Amino acid sequence: MTTEATRRRPGEPCWVSLMVHGLDATQDFYRELFGWDFLPGPQQLGPYVRALLDGKEVAGIGRLPADRHLPIAWTPYMASDDVDETAEQIRMCGGTIGVGPLDAADAGRLVIAADPEGAVFGAWQAAAHTGTALFGTHGTPVWNELMTRETSAVGKFYESVFGYDLEPSVPAGSDRLTLRLDDRPVASIHGVGHALPRDRGSHWMTYFEVEDPDAIADAVVGLGGHVVREPHVGTSGRQATVADPEGAVLTIVRTPRRA
C-alpha cells in the first residue's frame, strides 16, 4: 500500500540522508536501482540533492568536502519541534553534536549527532520540508534499526531524548527493543554483541522497500556495489543487506503485503 506522509510527531523518523564523495556517480547508482529522480536541495552543507519518486521527495544525498574522510552511511533524521532543545537534551544524555543546529534555507533546521555508542543520527525541525513524502512503494525507506552491542543503555538514551516507549522483543533471549510512539512502532534497536562490525561500530541501518530483493541484490552488484548478506527471510520479510559503490550499507526488503 502506497501512502503519503505529513508532518511527523517528535521522535518519528522523518528523513534519510547520505553524504558521499562522488555525488554524480551515486545519483546514477540509485537512479538505476530505485528509479529515483533528483532535484537540488539546500546547499548549507555543500552540494545536495533530493531524490524523488513520482515527484515526491523520499531521501537526500550530499557531497562530502574532499578533505573529509567520514564513514559513508545512510543517516536517519528524527522529527523535532525544537532542534536546539533536542541538541541540548542529546548533550545532557551523553551524546555528542557533530553539526549544527543550523538552518537549511527555508526547508527547516537540523542537527547531526552521535549517541553514546557513536551511532550517527539527525534531528529535523520541519518548515517547508516535512521529510519523506512517500512510503510503501519500491525505492522508499520503510524502517530504521540501530545496530549496537547491547540495547539497555543506548535504549535509555533514545527514550530520554525522544520520549520513546521501549518494548523488548520476543522471543526472549534476543536483544532487541522496539521504539514506540503513541503505541505505534517507529524504529528498533538490535544488540548484536561481538558480531558488530569492527570497522563500523554502532550504526543505524535504513531499510528500503523493494519489489524483488533477489533481483535488486543482483542489480547492486551489476552497478558496482556488493552484497553484504545474501537474500533471506528475516524479521521484516525477504531481505538482503547490500552496499553501494562508496560502501554505504542498506537493507532491501519486501515487507509482507496487507490484504
Side-chain angles (χ1 to χ4, degrees), residues 13-53 56-78 97-100 102 104-105 107-108 110-114 118-124 129 131-134 138-147 197 199-210 216-217 219-229 240-253:
C14 62
W15 187 242
V16 290
S17 193
L18 174 65
M19 299 295 288
V20 297
H21 294 291
L23 182 57
D24 292 342
T26 299
Q27 289 179 78
D28 290 342
F29 173 84
Y30 286 101
R31 183 183 291 111
E32 290 294 324
L33 195 69
F34 290 148
W36 287 351
D37 296 315
F38 296 93
L39 285 177
Q43 309 291 304
Q44 272 71 13
L45 299 179
Y48 187 82
V49 295
R50 289 180 181 155
L52 294 87
L53 279 172
K56 297 179 174 61
E57 296 164 344
V58 295
I61 305 176
R63 178 183 292 143
L64 282 167
D67 59 345
R68 297 294 295 275
H69 298 286
L70 300 174
I72 308 299
W74 281 100
T75 300
Y77 285 73
M78 317 307 184
I97 303 301
V99 177
L102 58 81
L110 67 87
V111 67
I112 300 174
V120 176
F121 66 96
W124 178 254
H129 174 65
T132 302
L134 185 71
H138 180 87
T140 59
V142 68
W143 191 250
N144 292 282
E145 182 170 68
L146 174 62
M147 309 296 290
D199 59 336
R200 299 185 65 207
S202 294
H203 61 278
W204 279 93
M205 174 75 75
T206 297
Y207 288 62
F208 287 89
E209 183 77 35
V210 296
I216 294 297
V220 166
V221 175
L223 293 168
H226 67 274
V227 175
V228 177
R229 186 176 182 191
T241 302
V242 299
D244 70 20
E246 287 211 22
V249 176
L250 57 146
T251 293
I252 51 175
V253 61

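This structure is a prediction, so every number in the text was calculated from the model and none was measured. Heavy-atom basis, side chains included; hydrogens, waters and symmetry copies ignored. We count residues from 1, following the sequence as given.
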> Ala119 and Leu146: which non-hydrogen atoms are nearest, and at how many Å?
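Scanning both residues, the minimum pair turns out to be CB-CD1, 3.4 Å.
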
> Using every non-hydrogen atom in the two residues, find where Pro42 and Ala107 come nearest and quote the distance to one decimal.
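Taking Pro42 first and Ala107 second, the nearest heavy atoms are CG-CB, 4.0 Å.
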
> Begin with the C-alpha distance, continue with both residues' side-chain angles, and end with the deciding distance and a verdict on side-chain contact (heavy atoms from CB on, under 4.5 Å) for Val242 and Ile252.
CA-CA 7 Å; Val242 299; Ile252 51 175; 4.2 Å; yes

> Quick one: closest heavy-atom pair of Pro13 and Asn144, and the distance?
CB-ND2, 3.7 Å

> Decide yes or no on side-chain contact (heavy atoms from CB on, under 4.5 Å) for Val20 and Arg63, but give the supporting numbers first.
CA-CA 5 Å; Val20 297; Arg63 178 183 292 143; 5.7 Å; no

> Determine the interplanar angle of the Tyr30 and Phe34 rings, folded into 0 to 90°, and report it as parallel if under 30°, tilted if 30 to 60°, perpendicular if over 60°.
tilted

> What verdict does the side-chain contact (heavy atoms from CB on, under 4.5 Å) test give for Leu33 and Val220, after you've listed the backbone C-alpha separation in whole Å, the side-chain angles of each residue and the deciding distance to 0.1 Å?
CA-CA 7 Å; Leu33 195 69; Val220 166; 3.6 Å; yes

> Which atom pair, heavy atoms only, marks the closest approach of Met19 to Ile72?
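Answer, listing the atom of Met19 first, then Ile72: O-CD1, 3.5 Å.
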
> Identify, with sequence neighbours excluded, every residue that meets side chain to side chain donor-acceptor pair (under 3.5 Å) alongside Asp28.
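Listed in chain order: Arg31.
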
> Of the non-hydrogen atoms in Pro141 and Val58, which two are nearest, and what is the gap between them?
CG-O, 3.6 Å

> So how far is it from Lys56 NZ to Thr132 OG1, rounded to the nearest 0.5 Å?
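Between atom NZ of Lys56 and atom OG1 of Thr132 there are 13.5 Å.
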
> Enumerate the residue pairs fulfilling salt bridge (Lys or Arg N to Asp or Glu O under 4.0 Å) with a member in residues 241-250, sequence neighbours excluded, ordered by first and then second residue.
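Every candidate salt bridge (Lys or Arg N to Asp or Glu O under 4.0 Å) pair involving residues 241-250 fails, so no pair, neighbours aside, qualifies.
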
> Measuring only between side-chain heavy atoms, which start at C-beta, is Thr206 closer than 4.5 Å to Thr251?
no

> Going by side chain to side chain donor-acceptor pair (under 3.5 Å), name the residues that satisfy it together with Tyr207, two or more places apart in sequence or in a different chain.
Glu145

> Are Phe208 and Trp74 an aromatic pair by the rule of ring centers under 6.0 Å?
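Between Trp74 and Phe208, which both carry aromatic rings, the centre distance is below 6.0 Å.
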
> Are the side chains of Val99 and Val111 in touch, meaning some heavy atoms are under 4.5 Å apart?
no

> Once you round to the nearest 0.5 Å, how far does OG1 of Thr75 lie from CD1 of Ile112?
7.0 Å

> Could you measure the distance from the CD atom of Glu32 to the CG atom of Leu223? Nearest 0.5 Å is fine.
6.0 Å

> What's the spacing between Tyr48 OH and Ile61 CD1 if we round to 0.5 Å?
8.5 Å

> Just by distance, no angles: are the side chains of His129 and Glu57 close enough, under 3.5 Å, to form a donor-acceptor pair?
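Short answer, yes.
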
> Is any side-chain heavy atom of Trp15 less than 4.5 Å from a side-chain heavy atom of Arg50?
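Yes, side chains in contact.
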
> With side-chain contact (heavy atoms from CB on, under 4.5 Å) as the criterion, how do Val210 and Val253 come out once you've worked through the C-alpha distance, each side chain's angles and the decisive distance to 0.1 Å?
CA-CA 6 Å; Val210 296; Val253 61; 5.9 Å; no

> Distance from Thr241 atom OG1 to His226 atom NE2, nearest 0.5 Å?
10.5 Å

> As an exercise, state the distance from CE of Met78 to CH2 of Trp124, rounded to the nearest 0.5 Å.
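Here the interatomic distance stands at 15.0 Å.
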
> So do His203 and Pro197 actually touch side chain to side chain, heavy atoms under 4.5 Å?
yes

> In the structure I gave you, are the side-chain heavy atoms of Leu134 and Leu52 within less than 4.5 Å of one another anywhere?
no

> What are the two closest non-hydrogen atoms of Ile97 and Ala113, and how far apart are they?
CD1-CB, 3.9 Å

